[in-house]
Amino acid sequence: MDHSLDYDARITLDRLLPRLKPKANSDTEWVAFEANLNTQFPRLFGLLRSLYGDQYDFYYHLENTLGTLLEAFQQRPAVLRNQDKKRQADPLWFKRENMLGAACYVDLFAGDLKALREQIPYLKELGLTYLHLMPLFKAPEANSDGGYAVSDYREVNPALGTTNDLKRLASALRKEGIAMVLDFVFNHTSDEHDWAVRAQQGEQAYLDYYFCFDHRSQMAPYEPYLREIFPEIREGCFTWRDDMQRWIWTTFNSFQWDLNYRNPAVFNAMLGELLFLANAGADVLRFDALAFVWKEAGTPCENLPQAHSLIQAFNAAARIAAPGLLFKSEAIVHPDDVVRYISTDECQLSYNPLTMAMLWNTLATRDVTLMTRSLQARFPIPPDTAWVNYIRGHDDIGWTFDDTIAWSLGTDPDHHRRFLNQFYTGQFPGSFARGVPFQENKTTGDCRVAGQLASLAGLEQALAGQDPDEVQRSINRIMLMHAVILSIGGVPLLYLGDELGLLNDYSYQQDVNKLNDSRWVNRVAVNDADLDLRNQPDTANGQVYAGLQRLIAVRKANPLLGDAHTHIIETGNPHIFGFTRTRDADTLLVLANFADFEQQLDQSLIDSLLSGGKQVDLLDPEAGLAMRTLQPHQVRWLTVQ
């Protein structure tokens, strides 16, 4: 019997609806839910059948999934349902010029959730419309990988407050026009999660939630193909548990157990957790480590087609129960693989690790060629999605550029990565940076870099050397990179503390639980004294804050810096990076000088891109006819009146 997918989906839904409808609380509720279900069910059914259709109990699990969706829809607060309607009517709300994001750890920035609520006036002053809270869930006390080992997705870390505190914070942010972003750590749980504890007790249903092997030979079809993520901490991707007499798949740390999404019960269980976070007030969920979520023997178990199907299934399900929710991809992988997660049907938002890496690369080399060629090839994404552009985050900096493009420019990519690591850890002669190596692999030479933005851009070294000229140069470098991420398109994302020019914190080296994770050097606590620095214009911190405020104000006043098309251009000068932002007949030209010396462009290039009126620089209205000249690390935002 050969049926089409649409036919099978329709017949299946017709059979399941009579079993589901009696659970509705009212006819009005059911009509609204059924409308969403009818729209999304064919897609959801096709995705789940592609993943689980060969399992004997597929339809049992499918019915459970629909039950999970109805329950979440029923529990969704009225204020969030109203917001869903507004965002369905304005689906590109996240692409506006007023969008400005920031990320922070609650404890490091404010102490706890109640104190963070009291900091909303500062967040408003800064101009934020999007706040990403690093993992704040219950997690192992000794070491939780910065909160990414979750013990309970529905319970906040007691040191930060309660789930009700989180909901109150979400409500307060919403009233001020600030979207709340939370992490969805869905590749793994901590070994203290109830599912893992029950697996440790031998319950077969929960052993099947993870990858548990009785004999090492069972790992043989996988082990040779997997890469080590944290080679400084441990070898391999499996952990032996004496208490269970079993091996557990642990891609990241021994206390982070990878979930087995080949089991449809796991999908349904995690869908429940996802929708709980949505109903708690999350506007965006960051899908952590999404490249690793599907395992297949004989493959590296990264970026597999089933991983995309899985995320798309979560997307379709969310459109039914919480249609205003957005997904953000965290895929720090090859640039070609990063873009494959980005679509309105998968992740509407995505971190842009390529632009981040290229900014640091270009700051070190002073040559824009690799960045220009890389972004020409990989910056374009569907118009109903957006990059989240950042200079650095809570993690490390990895050099994720395309080796093929590097070779085409005569650059050995392995040698170049070693140079960048040496430059940003201060080992290269003439380097201005003070960063620290992260997860250096002595065998392969692979390494990443950790450090605060200001320290990596030279401010720490300049202040230590009491060199006012170098202090100013480092501030100019900081402004240069902010000016690029604020204008290149998508959502610009700050890491709180960077707007104040805060430096590396080396105290982690005295903490036994953090000593082996150098990323803590750039997870800096922000206190009231630090915040007060923004009002001290005679300090580098105050100058960084004031400069950033000016850039943000200009951005928010210009729609061309919001929902517009980005085109990376060749400027004809190897030190000047350029791109245009266009919408309808309007154009804005961005030029950024990465050199330590004054640079000039051919005026005919500017004239060819900007015609029909008087040319002006939004960042330097008094520039006059000198717009073709850029001072060291200067950025121009050029348009016509």
Starting at [atom1] of [X], measure out to [atom2] of [Y] and round the result to the nearest 0.5 Å.
| X | Y | atom1 | atom2 | answer |
| --- | --- | --- | --- | --- |
| Leu259 | Trp294 | CG | CH2 | 12.0 Å |
| Leu354 | Phe401 | CG | CZ | 10.0 Å |
| Ser254 | Asp191 | OG | CG | 7.0 Å |
| Ile381 | Ile342 | CD1 | CD1 | 4.5 Å |
| Glu273 | Phe186 | CD | CZ | 14.0 Å |
| Thr299 | Leu226 | OG1 | CG | 7.5 Å |

Open item on the list: Please evaluate residues Asp345 and Asn315 with respect to the criterion side chain to side chain donor-acceptor pair (under 3.5 Å), reporting the C-alpha separation (whole Å), side-chain torsions for both, the decisive distance (0.1 Å), and the verdict.
Closed with: CA-CA 6 Å; Asp345 288 336; Asn315 178 302; 5.6 Å; no
Does a side-chain heavy-atom distance below 4.5 Å link [X] with [Y]?
| X | Y | result |
| --- | --- | --- |
| Asn513 | Trp520 | no |
| Leu290 | Cys347 | yes |
| Thr251 | Phe211 | no |
| Leu69 | Leu44 | yes |
| Leu274 | Leu325 | yes |
| Leu182 | Leu133 | yes |
| Arg319 | Thr39 | no |
| Leu136 | Leu113 | yes |

TODO: Dump the intermediate steps for side chain to side chain donor-acceptor pair (under 3.5 Å) on Arg43 and Gln40, then the final yes or no.
DONE: CA-CA 6 Å; Arg43 183 164 72 99; Gln40 294 294 332; 3.1 Å; yes
What's the shortest heavy-atom distance between [X] and [Y], and which atoms?
| X | Y | value |
| --- | --- | --- |
| Leu131 | Cys104 | CD1-SG, 4.3 Å |
| Arg154 | Gly272 | NH2-O, 3.2 Å |
| Thr400 | Ala357 | N-CB, 4.2 Å |
| Pro437 | Cys447 | CB-SG, 3.7 Å |
| Leu493 | Tyr351 | CD2-CE2, 3.6 Å |
| Leu70 | Ala24 | CD2-N, 4.2 Å |

Task: Any pair counted as ring-ring contact (aromatic ring centres under 6.0 Å, His included), so long as it reaches residues 318-338, sequence neighbours left out - done: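 Residue pairs with at least one partner in residues 318-338: Phe287-Phe327.
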Hey, does the side chain of [X] reach the backbone of [Y] with a donor-acceptor pair shorter than 3.5 angstrom?
| X | Y | answer |
| --- | --- | --- |
| Glu330 | Ala289 | yes |
| Asn38 | Glu34 | yes |
| Gln256 | Asn253 | yes |
| Asp288 | Val185 | no |
| Glu223 | Ala220 | no |
| Asp283 | Met180 | yes |
| Tyr508 | Asn522 | no |
| Asn263 | Asp208 | yes |
| Asn504 | Gln452 | yes |
| Asp145 | Tyr148 | no |

Less than 4.0 angstrom from a charged side-chain N to a carboxylate O is my criterion; do [X] and [Y] meet it?
| X | Y | result |
| --- | --- | --- |
| Glu296 | Arg262 | yes |
| Asp412 | Arg418 | no |
| Arg340 | Asp337 | yes |
| Asp8 | Arg49 | yes |

Task: Aromatic plane relationship, Phe45 with Phe58 - under 30° parallel, 30 to 60° tilted, over 60° perpendicular - done: tilted
TODO: Go through the steps for His61 and Tyr52 under the test ring-ring contact (aromatic ring centres under 6.0 Å, His included), then give the verdict.
DONE: CA-CA 9 Å; His61 289 290; Tyr52 306 119; 7.8 Å; no
TODO: Tell me, yes or no, whether the heavy-atom count around Tyr60 atom OH, taken from other residues, nucleotides or ligands under 6.0 Å, exceeds 12.
DONE: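 Incorrect, the count does not exceed 12.
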Open item on the list: Are more than 12 heavy atoms, taken from residues, nucleotides or ligands other than Glu141, located less than 6.0 Å from that residue's CD atom?
Closed with: no
Open item on the list: side chain to side chain contact (heavy atoms under 4.5 Å, CB included), that's the test. Do Glu71 and Leu275 meet it? Break it down for me.
Closed with: CA-CA 10 Å; Glu71 183 179 354; Leu275 295 173; over 6 Å; no
We want to know whether [X] and [Y] form a side-chain donor-acceptor pair, criterion being a heavy-atom distance below 3.5 angstrom.
| X | Y | value |
| --- | --- | --- |
| Asp183 | His132 | yes |
| Asp6 | Ser4 | no |
| Asp165 | Thr162 | yes |

Open item on the list: Using side chain to side chain contact (heavy atoms under 4.5 Å, CB included), reason through Asn187 and Phe252 one step at a time and then give a plain yes or no.
Closed with: CA-CA 10 Å; Asn187 176 72; Phe252 295 98; 3.6 Å; yes
- [ ] Applying ring pair (Phe, Tyr, Trp, His ring centres under 6.0 Å) between His193 and each of Tyr153, Trp257, Phe137, Tyr206, report the one that passes.
- [x] Tyr153
Open item on the list: My understanding is that only one of Phe292, Trp240, Tyr261, Phe238 makes a ring pair (Phe, Tyr, Trp, His ring centres under 6.0 Å) with Trp249; could you say which?
Closed with: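 So the option named by the test is Phe238.
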Open item on the list: When you measure from the centre of the six-membered ring of Tyr495, is the NZ or CZ of Arg392 closer than 6.0 Å and no more than 45° off the axis?
Closed with: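 Judged by the rule, Arg392 and Tyr495 form a cation-pi pair.
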Task: Candidate pair Lys328 and Val491, rule side chain to side chain contact (heavy atoms under 4.5 Å, CB included), full reasoning - done: CA-CA 11 Å; Lys328 178 170 65 172; Val491 180; over 6 Å; no
TODO: Test side chain to side chain contact (heavy atoms under 4.5 Å, CB included) on Trp247 and Gln218 and set out the steps.
DONE: CA-CA 9 Å; Trp247 292 90; Gln218 294 172 290; over 6 Å; no
Open item on the list: Considering only residues two or more places apart or on different chains, which pairs with a residue in residues 246-258 satisfy salt bridge (Lys or Arg N to Asp or Glu O under 4.0 Å)?
Closed with: Asp214-Arg246, Asp258-Lys295
